[in-house]
There are 2 protein chains.
Amino acid sequence: MMNVNEPERDTAGRYTGNAFLLAQIGAHAAAGFASRIAGLDLTPAQAGLLRLVAWQPGQSQQVLARQIRTPPSRLVLLVDHLEERGLIERRRNPDDRRHHALYLTAAGGQFLKSRLGPIGAAHEDDICAALTPAEREQLRGLLSRIAAQQGLIPGVHPGYQQLKAP
Amino acid sequence: MMNVNEPERDTAGRYTGNAFLLAQIGAHAAAGFASRIAGLDLTPAQAGLLRLVAWQPGQSQQVLARQIRTPPSRLVLLVDHLEERGLIERRRNPDDRRHHALYLTAAGGQFLKSRLGPIGAAHEDDICAALTPAEREQLRGLLSRIAAQQGLIPGVHPGYQQLKAP
DNA sequence: TATTGTTATACTCTATAACTATA
DNA sequence: TATAGTTATAGAGTATAACAATA
């Protein structure tokens with residue numbers, strides 16, 4: 001068995017451990033997705049927020065900002081863009097008028113279903129082109145367990161915020 | 001079987017396809033690695049370049065810049081930092097004095113082996129904590145095939161450059 | 001004139017901090 | 001006084017373009 005103190009390397013000495021492959025393929029997948037949705041005038045962060053609002057309608061901006069680990073000031077700009085396009089809307093909470101609850105509009109729901117959905121499916125199919133359906137399921141199982149063990153929130157992609165060294 | 005035109009979602013409607021999981025876990029792994037090597041005063045890009053020079057000694061900056069898809073002007077700063085620390089060195093090519101060939105120094109080789117290596121191994125072990133040794137091998141097989149099919153260069157992590165829409 | 005490496009400039013993105021309004 | 005959201009400012013990081021040396 002391989003020495004656990006040495007990272008895996010191929011015959012040319014290049015590092016090919018799972019962590020490296022995940023980072024490499026993950027960046028590739030993220031870049032590919034960004035490229036696909038650029039035609040929709042959306043950044044990955046905006047698309048992620050749109051999905052988040054769809055899953056959790058009525059949340060305040062503060063709550064959402066904490067979930068994706070981004071400063072509230074950045075969230076404002078993301079929300080601005082989506083609201084200007086009519087995909088989501090801010091509604092003032094009558095009980096506490098400081099809060100802006102976010103909701104998906106009808107157009108936003110339609111956009112999510114007819115535009116973003118197919119793009120996500122095509123992207124998924126492209127990334128997994130090398131694998132059989134059974135292998136894709138197998139991969140999902142392994143990745144899901146890693147994500148759960150690492151404490152990642154399902155469906156929530158934190159913007160690449162830099163982590164302070166402890 | 002699942003409709004291939006619909007992305008995979010969990011019971012709460014959250015997107016959990018392989019492409020999303022790869023991007024999510026990949027960003028998490030990259031951030032974790034960045035955090036680990038921050039104590040060594042290295043960025044991921046600098047660490048990647050250091051490894052690249054170790055694998056391919058004597059290459060010109062132009063060639064290396066093309067490989068990691070970064071502008072030559074950015075490479076200059078990365079090389080500057082590594083050279084100031086004595087980990088790599090520029091040598092003028094006597095045949096064509098325009099070229100600066102890059103080589104690992106003895107200190108650089110030592111650093112790679114005794115500092116970066118153990119950190120990479122510990123990181124690998126952390127990311128794969130949820131999996132058995134057999135499952136880690138299984139994952140490596142699946143990921144390697146995806147990387148090959150997607151045309152990713154083994155061991156080369158392109159800095160997160162933005163891809164222009166086609 | 002073309003190419004390598006470098007430097008200079010400008011731009012984008014993000015975070016920090018000040019500000020307004022509500023409570 | 002404290003909190004939600006917003007706006008303003010500043011900083012880091014990166015790319016584009018100008019530049020100097022060499023061919």
Side-chain angles (χ1 to χ4, degrees), chain A residues 27 30-31 34-35 38 41-49 52-53 56 58-84 88-103 157-165, chain B residues 27 30-31 34-35 37-38 41-49 52-53 58-84 88-103 157-165:
Chain A
S35 175
D41 190 27
L42 273 187
T43 65
Q46 288 160 352
L49 177 60
L52 196 56
V53 171
Q56 305 177 12
Q59 295 280 23
S60 74
Q61 296 183 192
Q62 290 280 342
V63 169
L64 293 172
R66 270 194 295 273
Q67 283 198 39
I68 61 175
R69 309 220 184 138
T70 202
S73 62
R74 187 186 173 204
L75 197 69
V76 170
L77 302 178
L78 296 175
V79 172
D80 281 349
H81 185 258
L82 294 178
E83 192 175 39
E84 283 162 14
I88 66 174
E89 60 177 345
R90 291 172 164 103
R91 293 190 208 155
R92 278 207 119 98
N93 184 335
D95 294 340
D96 186 339
R97 293 177 45 79
R98 290 175 302 184
H99 290 72
H100 279 176
L102 300 185
Y103 293 91
H157 190 318
Y160 301 154
Q161 82 285 6
Q162 70 276 22
L163 304 178
K164 309 287 189 201
Chain B
S35 176
I37 63 174
D41 190 27
L42 272 187
T43 64
Q46 288 160 352
L49 176 60
L52 197 56
V53 171
Q59 295 281 23
S60 74
Q61 295 183 193
Q62 289 280 343
V63 169
L64 293 173
R66 270 193 296 272
Q67 283 197 41
I68 61 176
R69 308 222 185 136
T70 200
S73 62
R74 187 186 173 204
L75 197 68
V76 169
L77 302 178
L78 296 175
V79 172
D80 281 350
H81 186 258
L82 294 178
E83 192 175 38
E84 282 162 15
I88 65 174
E89 60 178 344
R90 291 173 164 103
R91 291 191 210 155
R92 277 208 120 97
N93 184 337
D95 294 339
D96 185 340
R97 291 176 46 78
R98 290 175 303 183
H99 290 72
H100 279 176
L102 301 185
Y103 292 90
H157 192 317
Y160 299 154
Q161 82 285 9
Q162 70 276 24
L163 304 178
K164 309 288 188 200

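Proteins get letters first, then strands, A, B, ... in listed order; numbering begins at 1 in each.
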Do [X] and [Y] touch side chain to side chain, with heavy atoms closer than 4.5 Å?
X: H81(B); Y: D41(B); value: yes
X: V79(A); Y: V76(A); value: no
X: V53(B); Y: E89(B); value: no

Just how far, in rounded Å, is [atom2] of [N] from [atom1] of [X]?
X: Q46(B); N: dA12(D); atom1: CD; atom2: C1'; result: 14 Å
X: R74(A); N: dA17(C); atom1: CZ; atom2: C1'; result: 18 Å
X: H81(B); N: dG13(D); atom1: NE2; atom2: P; result: 11 Å
X: Q61(A); N: dA4(D); atom1: CD; atom2: C1'; result: 8 Å
X: H100(B); N: dT22(D); atom1: NE2; atom2: P; result: 9 Å
X: N93(A); N: dA4(D); atom1: CG; atom2: C1'; result: 11 Å
X: D96(A); N: dA2(D); atom1: CG; atom2: P; result: 17 Å
X: L78(A); N: dT6(D); atom1: CG; atom2: C1'; result: 14 Å

Heavy atoms from C-beta onward define the side chain here; which of [options] lies closest to that of [X]?
X: R98(A); options: dT6(C), dG5(D), dT3(D); answer: dT3(D)
X: Q62(A); options: dG5(C), dA4(D), dT6(D); answer: dA4(D)
X: R92(A); options: dA23(D), dT22(C), dT4(C); answer: dT22(C)

So does R90(B) get a side-chain nitrogen or oxygen closer than 4.0 Å to the phosphate oxygens (OP1/OP2) of dT6(C)?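 Yes.
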
Which comes earlier along DNA chain D counting from the 5' end, the contact point of P71(B) or that of Q59(A), where each point is its nearest nucleotide?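 It is Q59(A) whose nearest nucleotide is closer to the 5' end.
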
Rounded to the nearest 0.5 Å, what separation is found between the CD atom of Q62(A) and the CG atom of L64(A)?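 If I round to the nearest 0.5 Å, the distance is 10.0 Å.
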
Confirm from the modelled atom types if S73(A) and dT14(C) form a donor-acceptor pair under 3.5 Å, side chain to base only.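 Counting by modelled atom types and ignoring angles, no donor-acceptor contact under 3.5 Å is found here.
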
Please determine whether any donor N or O and acceptor N or O are separated by less than 3.5 Å between the side chain of R97(B) and the base of dT22(D).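 Per atom types, no contact qualifies.
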
Assign each of L77(A) and D95(A) to its nearest nucleotide of DNA chain C by heavy atoms, then name whichever residue's nucleotide is nearer the 5' end.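 Going by which nucleotide is closer to the 5' end, it is L77(A).
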
Using a 3.5 Å distance criterion without hydrogens, assess whether the side chain of Q61(B) forms a donor-acceptor pair with backbone atoms of H100(B).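 It does not hold such a pair.
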
